[in-house]
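Working notes for the structure below.
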Protein chains: 2
Amino acid sequence: MPKKYHHGDLKNALIKAGVEILAKEGVGGLSLRKVAQRAGVSHSAPYAHFPDKQSLIAAISTEGFNQLYAELEAAISPYSKNPKKQLLDGVKAYVRFAEENTDTFKIMFSGILEKEKDYPTFVESSSKTFSLVVMVVQACQDIGILPAAPADLLAVTIWGQIHGIVSLALEGQVSHTVLEQYNVQDVVSFAIEQMLLRQPN
Amino acid sequence: MPKKYHHGDLKNALIKAGVEILAKEGVGGLSLRKVAQRAGVSHSAPYAHFPDKQSLIAAISTEGFNQLYAELEAAISPYSKNPKKQLLDGVKAYVRFAEENTDTFKIMFSGILEKEKDYPTFVESSSKTFSLVVMVVQACQDIGILPAAPADLLAVTIWGQIHGIVSLALEGQVSHTVLEQYNVQDVVSFAIEQMLLRQPN
DNA sequence: GACACAATCTTGACGGTGTCAAGATTTTCG
DNA sequence: CGAAAATCTTGACACCGTCAAGATTGTGTC
């Protein structure tokens, strides 16, 4: 429980302010000075907690991955005995997260953060999330609805597919021919069904 | 053939300068003023040809899509009687383009351009490229190596998959578990093979 | 409890950025 | 040839990330 001591616990307030600005003004509107102002401190107060803007972005992205992890976890955990539902619901949760947090999603995946591997907590949050995907994929392989293959390789394939469709849709790259008839969730559901093996029942 | 009249044909020189800066300094290093300087004109000369920075970015992205289209076309056209090879080689060309033009690729797909639909030539170039994918997918369906489904829907699925894997890899999001053992081309090839139907021979 | 030290925050400055207005120069065209 | 339009320069503005110097507040030690 962080108590206020000087002005409050800035670090987190700055991250929160960043997320809010991101949601309100988009990636282009995110500046250190605006974040500082929204947190009620002067323009270079953030430098007591983040060495530069990239660092703040890394923190916001990390927060995003933590939230994504939590939502995936929540979508998956009720069905530990039903891997197929885990896969379908997990994917739905992923799409929902991207749609509801468009700009956080962008900042997490669109290369705005330039040297990801310099931020260990970011790397950890992101690979923890990936390991969730691997687990579900593995469970699906065990019951024979996904083909036999290295689980991490297959996981990249599946995650990549969902991620790619969502990204293209977010970019408005898909709209004309397809998205007028289907929405993103539908396209993604279709994609996953294509990957599932026919059950030999 | 654009002749020099005042200082040369700026518009194109600016686009070219932009691509070069992009390749040399990355997305973060791209500024209107640097572009102008590299083209040998003063800092606000670009405003005679582009209303704002977004417009220049749109032009660079459009150029990128034209190049991508050309490379896909070149990879595909020799095999008009072999859709499977068209699909595999097209995908390889896509990955190669992303790897060789990392930052142009980013600018094309990473939401840096904020209102794509305001730039008709951009929309046209991008959807022309998409239509190539649809064509190949349709040809593959005709010979029964891809499942029956609306061609554009299936095309989004496949393009999305390739695009997602490439994006995640470019972001360094995949490295730890997978990319140490496989490279991007391998992962993508694996993904495509998963989608192909077993021939009933 | 006092005091030195460290953490936190403010103020002010620097160069770089996108954009606009005013004016200079050049091309185009009637 | 001359007027009008296109092109480019100069200069200014607000905003940005970042740094240095100093003020303020909390922490740990005797």
Side-chain angles (χ1 to χ4, degrees), chain A residues 1-22 24-61 103 106-107 111-115 118-119, chain B residues 1-22 24-61 103 106-107 111-115 118-119:
Chain A
M1 322 310 141
K3 277 274 190 165
K4 300 196 170 190
Y5 55 105
H6 209 157
H7 250 86
D9 67 330
L10 243 191
K11 193 163 187 174
N12 289 321
L14 291 171
I15 296 176
K16 191 179 159 196
V19 172
E20 290 168 1
I21 292 180
L22 220 40
K24 192 166 305 177
E25 306 188 39
V27 178
L30 183 68
S31 81
L32 265 187
R33 292 172 104 106
K34 254 187 268 184
V35 169
Q37 187 184 10
R38 171 171 268 263
V41 293
S42 79
H43 64 259
S44 48
Y47 284 87
H49 302 277
F50 302 100
D52 53 22
K53 189 186 182 183
Q54 284 283 307
S55 240
L56 209 212
I57 292 180
I60 296 176
S61 301
D103 289 89
K106 271 190 193 172
I107 241 188
I112 293 155
L113 185 56
E114 278 166 10
K115 297 187 174 177
D118 288 3
Y119 306 94
Chain B
M1 318 310 140
K3 275 274 191 164
K4 299 196 171 189
Y5 56 105
H6 209 155
H7 250 87
D9 67 330
L10 243 189
K11 194 163 185 173
N12 289 320
L14 291 171
I15 295 176
K16 192 178 159 198
V19 173
E20 290 167 3
I21 291 179
L22 219 40
K24 193 168 304 177
E25 306 187 39
V27 178
L30 183 68
S31 81
L32 263 187
R33 291 171 104 107
K34 255 188 268 187
V35 169
Q37 187 183 8
R38 172 172 266 262
V41 293
S42 80
H43 65 259
S44 49
Y47 285 86
H49 303 276
F50 302 99
D52 53 23
K53 190 186 182 183
Q54 285 282 308
S55 239
L56 209 212
I57 292 179
I60 296 176
S61 301
D103 289 88
K106 271 189 195 174
I107 242 187
I112 293 155
L113 184 56
E114 279 166 9
K115 297 186 174 178
D118 288 3
Y119 306 93

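To find a chain, count down the sequence lines: A is the first, B the second, and so on, and within it residues start at 1.
Distance CG (L14(A)) to C1' (dC9(C)): 12 Å, rounded to an integer number of Å. Going from atom CG of D52(A) over to atom C1' of dT18(D) covers 9 Å, rounded to whole Å. Whole-Å rounding puts the K11(A) NZ to dA7(C) P distance at 13 Å. Following rounding to the nearest Å, L10(A) (CG) and dT10(C) (C1') show an atom-to-atom distance of 12 Å. One atom, CD1 of I57(B), and another, C1' of dT17(C), lie 13 Å apart when rounded to the nearest Å. Across the protein-nucleic acid pair, E25(A) atom CD and dC15(D) atom P stand 12 Å apart, rounded to whole Å. Atom OH in Y47(A) sits about 16 Å away from atom C1' in dA21(D), given to the nearest Å. As a whole-Å value, the separation of K53(B) NZ from dG16(C) P is 15 Å.
Mapping S44(A) and S31(A) onto DNA chain D via the closest heavy atom, the residue that lands nearer the 5' end is S31(A). For P51(A) and P46(B), each mapped to the nucleotide of DNA chain D holding its nearest heavy atom, the one lying further toward the 5' end belongs to P46(B).
For K34(A), the NZ atom sits in a packed shell: over 12 heavy atoms of surrounding residues, nucleotides or ligands are nearer than 6.0 Å. Within 6.0 Å of the CD atom in Q37(A), the count of heavy atoms belonging to other residues, nucleotides or ligands does not exceed 12.
Between dT11(C), dG18(C), dT18(D), one nucleotide has an atom nearer to the side chain of L32(B) than all others, and that is dG18(C).
For a distance-only test at 3.5 Å, the side chain of R33(B) fails to qualify as a donor-acceptor partner of the base of dG16(C). The base of dG16(C) does not come close enough to the side chain of H43(B) for any donor and acceptor atom to sit less than 3.5 Å apart.
Contact between the side-chain N/O atoms of H49(A) and the OP1/OP2 oxygens of dA7(C) is not found at any separation under 4.0 Å.
Note on K34(A): only backbone sugar-phosphate atoms sit closer than 4.0 angstrom, heavy atoms only; bases stay farther off.
In this structure a side-chain-to-backbone donor-acceptor pair under 3.5 Å is present from Q54(B) to I112(B).
One finds the OG atom of S61(B) at 8.5 Å from the CG atom of L22(B) (value rounded to the nearest 0.5 Å). The NZ atom of K24(A) sits 13.0 Å away from atom CG of L30(A), with the distance rounded to the nearest 0.5 Å.
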